[in-house]
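Notes for the one structure printed next.
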There are 2 protein chains.
Amino acid sequence: MTKRSPSPETIKAWGRLMRVSRQLVEKTEDTLKTSGLPPLAWYDVLHELAEAGEGGLRPFELIDRVLLAQYNVSRLLARLEADGLVEKLPVSDDGRGQTVRITPAGRETRRRIWAVYGASIADLMGDRLSAKELETLAALLGRLRDPPILE
Amino acid sequence: MTKRSPSPETIKAWGRLMRVSRQLVEKTEDTLKTSGLPPLAWYDVLHELAEAGEGGLRPFELIDRVLLAQYNVSRLLARLEADGLVEKLPVSDDGRGQTVRITPAGRETRRRIWAVYGASIADLMGDRLSAKELETLAALLGRLRDPPILE
DNA sequence: ATTCGATAGATGCAATTGCATCAAGCTTGA
DNA sequence: TCAAGCTTGATGCAATTGCATCTATCGAAT
């Protein structure tokens with residue numbers, strides 16, 4: 001690997017990104033906890049499953065959507081199932097796999113988390129930047145994504 | 001709390017921020033691990049201590065600088081001390097406290113981490129945005145910080 | 001059909017984190 | 001000066017994460 005030092009602007013932007021994202025996550029997690037709600041990761045999974053509809057999702061599909069490690073998804077799903085928020089169905093054409101589907105209780109929990117999470121997002125981000133600034137921010141971040149989004 | 005739903009632009013920017021920051025951290029941690037180097041949190045602490053110079057820092061000062069919980073800092077410092085990267089000195093005017101100072105070995109480790117970390121930053125961020133874009137990004141993120149930076 | 005490698009998901013064990021609480025020392029105020 | 005409360009830092013214990021590995025099934029090549 002070529003030894004390279006990033007420019008001062010790069011370092012500054014990187015530092016801000018690291019600090020801000022951690023602050024935002026931490027505050028949001030705190031708010032959820034204070035409200036007696038489960039952590040963000042639960043929301044992410046319930047959200048993906050709600051979007052997937054009745055067909056549900058295979059665990060391995062969930063893995064890249066929510067950016068969690070395989071064993072993390074496996075155990076998170078076990079907890080969600082134990083709480084009755086998702087159900088696991090055998091899948092006909094692959095004996096190894098399963099399909100995970102959100103239950104009505106899961107949808108309700110997702111809704112309750114969103115009431116708090118959405119307010120937190122509005123509070124921490126929506127109130128601080130204009131619509132145009134938000135779009136600029138999203139576009140710049142999209143270029144850092146993998147795969148990049150060049151809009 | 002007033003029930004509020006964030007605007008679509010807000011949600012989009014939030015989603016990108018969450019995803020991108022996690023991707024960047026994960027890739028960087030992977031790179032460090034592959035290089036046989038300690039995790040990012042070690043760098044953060046060593047960096048702050050290096051900047052603090054010979055005077056060192058009190059653990060509680062480190063807490064807000066690196067955004068770690070008190071018990072996390074306590075244990076991380078114990079590990080750094082065990083590795084000889086920092087040293088703890090009693091502080092004269094407060095019998096409870098201590099001053100933590102980076103050692104030469106700590107400076108060397110910091111340098112070695114930076115060689116890889118800096119390259120990762122350049123790779124993941126510096127190469128993808130222009131200087132002007134980086135400044136825009138940093139400014140927008142600064143407004144989300146707590147306390148906000150209005151430049 | 002049988003073997004071999006790849007994929008899906010689970011899990012034992014060690015390390016780390018989070019929570020609650022502790023001990024020790026400081027500060028304030030009667 | 002002494003009690004009450006605050007601050008600093010550490011730690012026991014439970015929950016979570018990370019790593020490595022396991023089992024089961026699939027698919028492809030022979």
Side-chain angles (χ1 to χ4, degrees), chain A residues 22 25-45 48-49 52 55-83 86-101, chain B residues 22-23 25-45 48-49 52 56-83 86-101:
Chain A
R22 273 199 288 173
V25 168
E26 190 179 315
K27 284 190 191 182
T28 301
E29 294 278 18
D30 277 359
T31 305
L32 289 175
K33 201 168 305 178
T34 301
S35 309
L37 292 167
L40 273 184
W42 287 40
Y43 178 83
D44 288 343
V45 168
E48 292 299 334
L49 290 177
L57 284 179
R58 300 284 299 269
F60 73 86
E61 296 177 289
L62 225 33
I63 289 173
D64 23 271
R65 281 183 171 74
V66 299
L67 296 187
L68 288 176
Q70 182 269 323
Y71 52 81
N72 257 326
V73 167
S74 175
R75 294 202 255 229
L76 178 45
L77 287 175
R79 278 172 238 156
L80 290 170
E81 188 186 28
D83 270 41
V86 308
E87 54 191 348
K88 295 180 177 177
L89 313 165
V91 57
S92 54
D93 60 334
D94 188 339
R96 297 165 297 183
Q98 59 194 242
T99 290
V100 183
R101 192 165 61 188
Chain B
R22 273 198 289 173
Q23 278 187 338
V25 168
E26 190 180 317
K27 286 191 189 182
T28 302
E29 295 278 17
D30 278 0
T31 304
L32 289 175
K33 201 169 306 175
T34 301
S35 309
L37 293 167
L40 274 185
W42 287 41
Y43 179 83
D44 288 344
V45 168
E48 291 300 334
L49 291 177
L57 283 178
R58 300 284 300 267
F60 71 87
E61 295 177 290
L62 226 32
I63 289 174
D64 23 88
R65 281 183 171 74
V66 298
L67 295 186
L68 289 176
Q70 182 268 323
Y71 52 82
N72 258 324
V73 168
S74 175
R75 295 202 254 227
L76 178 46
L77 287 176
R79 279 173 238 155
L80 290 171
E81 187 185 29
D83 270 41
V86 307
E87 54 191 346
K88 296 179 176 176
L89 312 166
V91 57
S92 54
D93 59 335
D94 189 341
R96 296 164 299 183
Q98 58 195 244
T99 290
V100 182
R101 193 166 60 187

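A, B, ... follow the sequence lines: proteins, then strands. Residue 1 opens every chain.
- Across all strands shown, B:Arg58 has heavy atoms under 4.0 Å from sugar-phosphate atoms exclusively, and none from any base.
- Comparing D:dC19, C:dG18, D:dT25 against the side chain of B:Tyr71 picks out C:dG18 as the nearest.
- Distances were taken from every side-chain heavy atom of A:Lys33 (C-beta onward) to each of D:dC19, C:dC19, D:dG9; the shortest belongs to C:dC19.
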Below 3.5 Å is the cut-off: list the nitrogen or oxygen pairs between protein and nucleotides 2-7 of chain C, distance only.
unit_1 : atom_1 : unit_2  : atom_2 : d
C:dT7  : O2     : A:Arg96 : NH1    : 2.5

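- What separates CG of B:Leu77 from C1' of D:dT11 is a distance of 15 Å, to the nearest Å.
- Checking C:dT11, C:dT17, C:dA10 against the side-chain heavy atoms of B:Asn72 singles out C:dT17 as nearest.
- Between the CG atom of B:Asp83 and the P atom of C:dA15 there is a distance of 14 Å, given to the nearest Å.
- Residue contacts for B:Gln70: at a heavy-atom cut-off of 4.0 Å it reaches a base atom on one of the strands shown.
- Both A:Gly95 and A:Arg75 lie near DNA chain D, and the one whose nearest nucleotide falls closer to the 5' end is A:Arg75.
- In this entry the distance linking CD1 of A:Ile63 with C1' of D:dT17 reads 15 Å, nearest Å.
- Each of A:Phe60 and B:Arg79 lies near DNA chain C, and the nucleotide nearest A:Phe60 is the one positioned closer to the 5' end.
- Note: CZ (A:Arg22) to C1' (C:dT17) measures 14 Å, nearest angstrom.
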